[in-house]
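What follows is a set of notes on a single structure, which appears directly below.
In what follows, chains carry the letters A, B, and so on, assigned in the order in which the sequence lines appear, proteins first and then strands, with residues in each chain numbered from 1. Remember, it's a predicted structure, so these values are computed and weren't measured experimentally.
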2 protein chains.
Amino acid sequence: MTVWDRPEPPIRPVPLDRERIVAAAIALADEGGLGAVSLRKVAARLNAGPMRLYGYISTKEELFDLMVDEAQAEILPDEQPGDWREALRVLAHRTRRTALRHEWLADLLGGRPTLGPNGLAVTEATLAALDGLADVDTVMRAVETVSAYFTGAIRREIANLRAERATGLSKRDWQRASGPHVTRMLATGRFPALAKAVYDGTDVDAETSFATGLDWVLDAVAAKLKSGDAGSAVD
Amino acid sequence: MTVWDRPEPPIRPVPLDRERIVAAAIALADEGGLGAVSLRKVAARLNAGPMRLYGYISTKEELFDLMVDEAQAEILPDEQPGDWREALRVLAHRTRRTALRHEWLADLLGGRPTLGPNGLAVTEATLAALDGLADVDTVMRAVETVSAYFTGAIRREIANLRAERATGLSKRDWQRASGPHVTRMLATGRFPALAKAVYDGTDVDAETSFATGLDWVLDAVAAKLKSGDAGSAVD
DNA sequence: CTCATGCCAATACACTGTATTTCTTCATTA
DNA sequence: TAATGAAGAAATACAGTGTATTGGCATGAG
């Protein structure tokens with residue numbers, strides 16, 4: 001590796017902006033998880049020194065916030081279906097798909113309020129879906145409930161996914177026979193209902209399970225919308 | 001601080017076990033959050049060198065797993081109510097209270113499968129509450145849905161709590177006027193539904209909101225139990 | 001041409017999780 | 001009783017982290 005092989009270092013520092021920084025961080029996280037995101041590595045990927053980043057963010061947490069907001073752009077559908085139920089369903093499923101594309105999102109989802117432009121847009125879309133179908137408070141409660149459900153469900157799905165990957169076993173095999181610890185615990189007889197669930201339950205794929213639970217929750221919302229629309233008559 | 005003030009160092013190394021280690025870690029986390037838990041600090045609190053911990057755990061992640069399991073012991077009620085609905089409600093509320101006592105739990109909840117003895121016991125209790133009221137698969141779906149809801153809700157609640165603490169503003173004041181960023185965003189008119197929710201919505205305390213959403217989800221479960229109990233007739 | 005200003009890079013610090021090496025202490029055996 | 005072995009604790013070491021501080025250098029104005 002002589003001098004001639006090495007390219008001359010750039011005369012002027014490479015231009016930087018938040019967009020590039022966030023993109024680099026996301027790339028790192030997509031490849032190696034959140035743990036693979038370090039300010040040094042992000043900067044290196046942009047041919048910059050670590051300290052340059054502090055002109056654009058003032059803490060690593062802020063970088064994470066920007067990453068989340070960027071990911072939330074992928075959640076917004078091109079156009080909102082008119083049917084509120086369909087609209088909420090789509091938003092939930094798109095969130096799930098986004099988290100499956102960017103698994104690190106599961107570690108961040110719900111961890112801090114999302115106040116970025118895209119985060120607000122997602123909230124807006126969710127609220128808009130129910131706007132006018134009931135009084136404001138009922139709508140808020142509905143939105144909270146639905147999103148609590150799907151963030152929780154997504155987090156668990158990805159946690160299981162990782163566990164499966166780590167052990168090389170499907171959740172099923174792993175609980176049933178090959179997971180020595182779980183098998184031993186179930187054999188003690190102290191967890192009869194759990195044992196029954198593990199051995200007698202048919203396992204459904206994650207998407208179906210997600211969709212089923214979501215439908216239940218939406219059913220509940222539907223029921224409340226009917227009884228809680230006092231506000232719409234007043235306006 | 002002369003030699004005479006200082007106690008002699010212990011001749012024999014202080015005895016250690018997982019229980020003590022986990023207790024020390026939990027104490028640290030209770031005081032300063034998960035970030036305050038480092039193997040060095042945990043060990044120091046036990047008058048031991050950091051490396052001694054590796055006889056009891058083989059990675060920091062494992063320590064977290066043990067902490068979660070220990071916290072889950074606080075979730076289990078002394079006795080289970082007979083009514084399935086009441087049983088699930090109690091489990092959810094106890095989980096919430098535990099997370100409020102140990103806020104770090106919110107960072108870990110749902111992040112990994114909980115396979116410790118107490119984690120399994122919690123799952124068992126949840127499944128047991130619904131055992132026999134519907135076929136196994138319906139019961140599993142119900143348990144998944146309910147716990148997805150409350151883990152998601154708890155996580156968000158604690159995220160908001162932290163944000164309030166950090167800014168010194170109640171969520172309300174903060175959205176309404178004093179949070180310059182949010183105010184500015186709402187003023188753009190791009191988030192009409194959100195603005196309406198913020199300005200016209202009455203704010204309820206976190207517990208009520210939690211309880212309300214939970215009731216909705218339980219309503220949904222109740223509906224499905226009625227229609228999905230094919231299994232109980234077969235056995 | 002000189003000087004001031006703003007930015008970038010380098011250095012520095014305190015701390016992390018964990019691998020490896022060194023030392024101490026006790027039980028066992030000769 | 002002395003020597004030897006094993007075990008387990010301690011110390012050291014390493015590569016990495018987020019971020020504060022310092023130093024230099026290129027570009028603008030006067």
Side-chain angles (χ1 to χ4, degrees), chain A residues 6-68 104 107-108 111-112 162 166, chain B residues 6-68 104 107-108 111-112 162 166:
Chain A
R6 263 176 291 134
E8 260 189 273
I11 308 296
R12 310 280 329 111
V14 40
L16 230 55
D17 52 30
R18 285 193 181 162
E19 194 178 325
R20 272 182 258 240
I21 292 173
V22 172
I26 289 183
L28 281 169
D30 284 346
E31 292 163 18
L34 257 202
V37 178
S38 86
L39 297 187
R40 282 169 164 87
K41 285 193 281 215
V42 170
R45 201 173 256 248
L46 299 166
N47 295 84
M51 282 303 135
R52 272 203 61 198
L53 302 184
Y54 283 90
Y56 304 85
I57 54 172
S58 59
T59 195
K60 197 188 182 182
E61 283 265 279
E62 289 189 358
L63 175 57
F64 285 161
D65 289 345
L66 291 177
M67 290 171 66
V68 170
W104 47 269
D107 303 314
L108 265 21
R112 294 158 57 89
R162 284 173 176 158
Chain B
R6 263 176 291 134
E8 263 189 90
I11 308 297
R12 311 278 332 108
V14 39
L16 231 57
D17 51 33
R18 285 193 181 162
E19 194 178 324
R20 272 182 256 241
I21 293 173
V22 172
I26 289 183
L28 282 169
D30 284 345
E31 291 163 19
L34 257 201
V37 178
S38 86
L39 297 187
R40 281 171 166 86
K41 284 194 279 216
V42 170
R45 200 171 257 248
L46 299 166
N47 294 79
M51 282 304 130
R52 271 199 68 194
L53 302 184
Y54 284 89
Y56 303 85
I57 54 172
S58 59
T59 195
K60 197 188 182 181
E61 283 265 278
E62 288 189 356
L63 176 57
F64 285 161
D65 288 345
L66 291 177
M67 290 170 66
V68 170
W104 48 269
D107 302 314
L108 265 19
R112 297 160 55 91
R162 283 173 178 158

Can you tell me if CD on B:Glu62 sees more than 12 non-hydrogen neighbours from other groups inside 6.0 Å? yes

Under 4.0 Å between a side-chain N/O of B:Ser38 and OP1 or OP2 of C:dC15, yes or no? no

If you compare every side-chain N and O of B:Thr59 against the phosphate oxygens of C:dT18 (OP1, OP2), does one of them come in below 4.0 Å? yes

Taking atom P of C:dC7 as reference, at what distance in whole Å does atom CG of A:Leu53 sit? 16 Å

Between atom CD in B:Glu61 and atom P in C:dT16, what is the gap in whole Å? 17 Å

Shortest non-hydrogen pair, A:Ala36 vs A:Gly32, comes out as CB-O, 3.5 Å

In whole Å, what is the span from the CG atom of A:Leu34 to the P atom of D:dT17? 14 Å

Which is it for A:Leu63 and A:Leu39 under the side chain to side chain contact (heavy atoms under 4.5 Å, CB included) test, yes or no, and what are the steps along the way? CA-CA 9 Å; A:Leu63 175 57; A:Leu39 297 187; 3.9 Å; yes

Starting at CD1 of B:Ile21 and ending at P of D:dA9, how long is that distance when rounded to a whole Å? 11 Å

Interatomic distance, B:Arg52 CZ vs D:dG8 P [rounded to whole Å]: 11 Å

Tell me: CD of A:Glu62 to P of D:dG18, nearest whole Å? 14 Å

Using only modelled atom types and a 3.5 angstrom limit, is any donor from either the side chain of B:Arg40 or the base of C:dG17 paired with an acceptor on the other? yes

Below 4.0 Å: OP1/OP2 of C:dC15 and any side-chain N or O of B:Lys41: no

Which atoms of nucleotides 19-22 of chain C (N or O only) lie under 3.5 Å from a protein N or O atom, and what are those distances?
none

Over all strands shown, is A:Val42 touching base, sugar-phosphate only, or nothing at heavy-atom distances under 4.0 angstrom? nothing

Please give me the minimum heavy-atom distance between A:Lys60 and A:Val37, naming the atom from each residue. NZ-O, 2.9 Å

Looking at five pairs on each end of the helix from C:dC1-D:dG30 to C:dA30-D:dT1, what is the angle between the two axes, given to 10 degrees? 30°

Side-chain contact check for B:Lys60: nearest option of C:dT18, D:dT19, C:dA9 is C:dT18

Give, for atom CE of B:Met67 and atom CG of B:Leu34, the distance between the pair rounded to the nearest 0.5 Å. 5.5 Å

Give the rounded distance in Å between these two atoms: CG of B:Leu16 and P of D:dA9. 8 Å

To the nearest angstrom, the CD1-C1' distance between A:Ile57 and D:dT19 comes to 11 Å

Report the distance from atom CD1 of A:Ile57 to atom CG of A:Asp65, rounding to the nearest 0.5 Å. 10.0 Å

Least distance between heavy atoms, A:Ile21 atom then A:Val42 atom: O-CG1, 3.9 Å

Is a side-chain N or O of B:Arg18 found less than 3.5 angstrom from the main chain of B:Tyr56, in a donor-acceptor match? yes

Please, which pairs that meet side-chain hydrogen bond (donor to acceptor under 3.5 Å, both in side chains) have at least one residue in residues 22-40 of chain B, sequence neighbours excluded? B:Asp30-B:His102, B:Asp30-B:Trp104, B:Glu31-B:Arg45

